[in-house]
Amino acid sequence: MLRLLWLVPAIPFASALTLATMRLPRKAVAWIATCSIAASSVISLLVSIQFLTNPPSTGACIQVLWKWFDVDGLRPEIALYLDPLSIIMMVVVAFVSFLIHLYATEFMRGDDGYGRFFAYMNLFVACMLTLVLANNLLLLYLGWEGVGLCSYLLIGFWYRDAENGRAGRKAFIVTRVGDTAMVIGLFLLFRQLGTLNIQELMRRAASEWHAGSVVATAAALLLLGGAVGKSAQLPLQTWLPDAMAGPTPVSALIHAATMVTAGVYLIARLHVLYALAPQAQFAVIVVGAATLLMGGLSALTQHDLKRVLAYSTISQVGYMFLALGVGAWPAAIFHFMTHAFFKALLFLGAGIVIESLNGEHDIFHMGGLRKPLPVAFWTFLVAGCSLAGLPLITAGAFSKGWILWGAYSAANGSVWLWASALAGVFLTSLYTFRMIFLVFFGEQRTQVAHRPGHAMHIPCIILAFLSIAGGYIKSPFAHFLSPVLSWSPGAMQGVSFSETVSEGITALIFLLGLYSAYIFFLRRRDYAAALASSSTGRVLHRFWFSDWAMDWLYDRLFVRPVVWAAKTGKDDAIDGFYTGVARLNELTWRGMSRTQSGRLRWYVAGIAAGSIVLIAVVMFL
Amino acid sequence: MTAVPMADGLILGAALFALGLAGLLLRRNLLFLLISIEIMLNGAGVAFVTAGSRWGRPDGQVMFLFILAAAAAEVAVGLALLLRFYHRRQTLDADSLNRMRG
């Protein structure tokens with residue numbers, strides 16, 4: 001069964017190729033696209049069951065397909081590596097992608113680019129599975145860039161609107177900044193350690209580099225740059241909110257299963273390297289903690305339903321980075337899993353809401369959708385509770401509680417990190433229920449035009465089940481992951497309290513957020529309005545609404561200077577030379593075209609004169 | 001029978017060629033252009049025959065036969081084109097054929 005592993009990325013890839021090259025009827029497209037991902041997830045499940053019942057003695061299994069190339073000591077193989085970490089990533093990615101594809105078959109039914117859409121989606125999943133299963137960093141990088149390409153294609157999917165194309169380009173360019181750092185990191189690793197095979201690399205790094213060495217820190221920081229770009233963390237998070245320009249299933253795919261979690265996976269995969277570089281790991285903590293707070297505050301002010309969810313993703317991935325930074329590795333992966341479930345569900349629910357209101361995105365124009373869209377309401381509520389962390393029931397509470405406990409008690413944890421994560425819990429709860437109250441409660445403002453069908457409901461219901469049940473597997477999950485990623489509480493400084501106390505406080509903070517949202521956005525809307533219109537409130541609102549003015553800053557710092565340089569450099573000497581060449585050509589053309597008078601006797605005279613000249617030259621020279 | 005001096009033959013050939021060329025350059029009627037081309041070809045033919053007789057070899061006459069064949073083919077095609085042209089334009093003016101200019 002393990003021999004079938006290569007089929008997991010290969011089937012979606014083959015299906016993407018089929019859909020891209022053939023013109024098929026819509027039904028066939030939907031079947032091929034969805035069944036390929038379904039087959040991929042079934043095979044990944046079978047492989048995992050085989051792995052669980054009959055674990056390989058080395059703790060991992062490697063499938064070498066062929067040697068990629070062999071240049072001067074660099075011999076990357078197309079090889080897949082399966083261990084508990086990649087199993088979890090693979091199964092979650094494949095399964096959540098399958099549900100999103102199923103949903104998309106109905107969501108995209110009226111679209112002209114049906115085949116194109118599913119070709120991109122399948123390619124997206126294939127690239128992500130390659131990334132997750134790669135045995136060496138070069139193959140991982142191939143998947144990494146493939147994911148970037150597909151995100152560009154899908155964000156700009158409705159390319160007739162120039163704004164969507166701009167959003168796609170922005171996503172591509174901003175993540176490229178991180179990817180450049182990452183590829184330099186790969187060069188550094190290869191130059192210093194002579195291999196890109198991940199396991200070999202980690203072994204050599206651990207034996208050749210001592211903790212805190214400059215090279216290790218530099219490599220870890222460069223790879224962190226790549227992770228930050230892909231996972232939309234500070235300071236490269238600006239692409240993600242604009243990425244909402246794509247169709248909703250794409251947002252679900254980018255946020256839940258693929259793309260943004262790639263950075264988390266990269267750091268978890270290379271955790272040995274980060275353990276060798278405490279400064280880099282500290283940078284991970286700072287990035288995570290800052291991003292989770294900034295994302296939460298920005299989410300609080302957005303009007304667009306999808307943008308709220310986008311900032312919430314930024315904030316939740318910030319939690320994962322925080323967990324990675326403090327050294328609570330399994331907590332990050334666990335949160336990745338639960339986040340994949342509930343965030344996919346939130347986007348699918350948002351898609352239903354937006355479609356049923358004929359493309360209305362503004363949550364202040366929604367309201368009272370509880371009655372007309374019951375399935376969407378209940379599943380969205382479950383996902384929202386999971387996101388905010390309704391204690392004891394939802395999966396999100398378990399994973400987030402674990403991260404909070406890790407932030408306090410793990411090797412690099414501290415009570416301050418715990419407190420900032422706790423502030424994040426309050427923000428999450430507040431913006432989540434703000435969204436839920438505004439969209440589903442209160443009076444109905446827009447008439448529901450359209451009700452979704454089964455293909456859109458079933459994925460929501462399955463994901464809602466997983467958003468709850470996913471939390472109960474915490475301890476088998478930790479046990480399963482322990483050969484690869486384990487952690488133990490380190491020495492706690494200052495105040496000491498137990499995990500139960502931490503969870504209790506988290507639950508209280510969650511309720512506080514829920515209650516505040518209830519007061520501000522359901523009972524007394526005027527309070528919220530008054531708060532937002534006070535002078536500081538207005539400034540903060542604008543600041544947070546514009547994502548901490550980061551776009552403005554980057555526009556001033558990078559975009560405008562480049563545009564300015566391009567404009568001023570347009571007419572310089574070198575350009576003059578090339579313009580001159582073009583002018584000369586044009587002049588010659590005009591002269592020559594005049595000789596083509598179309599008069600036969602002129603041509604004869606020309607031929608005769610030419611012959612005379614030639615004969616004269618031959619005779620007299 | 002005395003051989004014609006080579007210079008005379010060549011002068012005759014050159015004169016025919018020049019006359020043909022002058023006709024080609026100066027006339028506008030397509031029919032006369034074709035006739036001028038025939039004259040030029042015959043000028044070249046005379047030069048070949050003269051040269052052949054000067055060295056006593058048959059090559060010059062062989063070349064003249066080739067020229068005759070080529071001229072016959074050319075006239076056949078040329079006259080056919082000319083007829084088509086006349087049908088279409090009701091004129092044989094070569095200067096009206098300038099629709100492909102510049």
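Numbers restart at 1 for each chain; the letters A, B, ... are given by sequence-line order, proteins then strands. Quick note: numbers below take in every heavy atom, side chains included, and nothing from hydrogens, waters or symmetry partners.
- What you find for B/R27 and A/R601 is that their closest heavy atoms are O-CD, 2.9 Å.
- With a 4.5 angstrom heavy-atom cutoff, A/A605 touches chain B via backbone and side-chain atoms both.
- Within 6.0 Å of CZ in B/F48 there are 12 or fewer heavy atoms belonging to other residues, nucleotides or ligands.
- Rounded to the nearest 0.5 angstrom, B/L21 CG and A/I612 CD1 are separated by 7.0 Å.
- When the shell of 6.0 Å around CZ of A/R109 is examined, it contains more than 12 heavy atoms from other residues, nucleotides or ligands.
- In the displayed structure, A/Y578 atom OH is contacted under 6.0 Å by at most 12 heavy atoms of other residues, nucleotides or ligands.
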Checklist entry - Would A/V604 and B/L33 satisfy side chain to side chain contact (heavy atoms under 4.5 Å, CB included), going step by step from the backbone distance to the final call? => result CA-CA 11 Å; A/V604 173; B/L33 294 187; over 6 Å; no
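- Among residues 81-93 of chain B, no residue has any heavy atom closer than 4.5 Å to a heavy atom of chain A.
- Within 6.0 Å of the CZ atom in A/F13, the count of heavy atoms belonging to other residues, nucleotides or ligands does not exceed 12.
- Shown here is A/R166, whose CZ atom has more than 12 heavy atoms of other residues, nucleotides or ligands within 6.0 Å.
- With a 6.0 Å radius and a threshold of 12 heavy atoms from other residues, nucleotides or ligands, A/F107 has its CZ atom above the threshold.
- For A/W602, the CH2 atom sits in a loose shell: 12 or fewer heavy atoms of surrounding residues, nucleotides or ligands are nearer than 6.0 Å.
- In the displayed structure, A/I574 atom CD1 is contacted under 6.0 Å by at most 12 heavy atoms of other residues, nucleotides or ligands.
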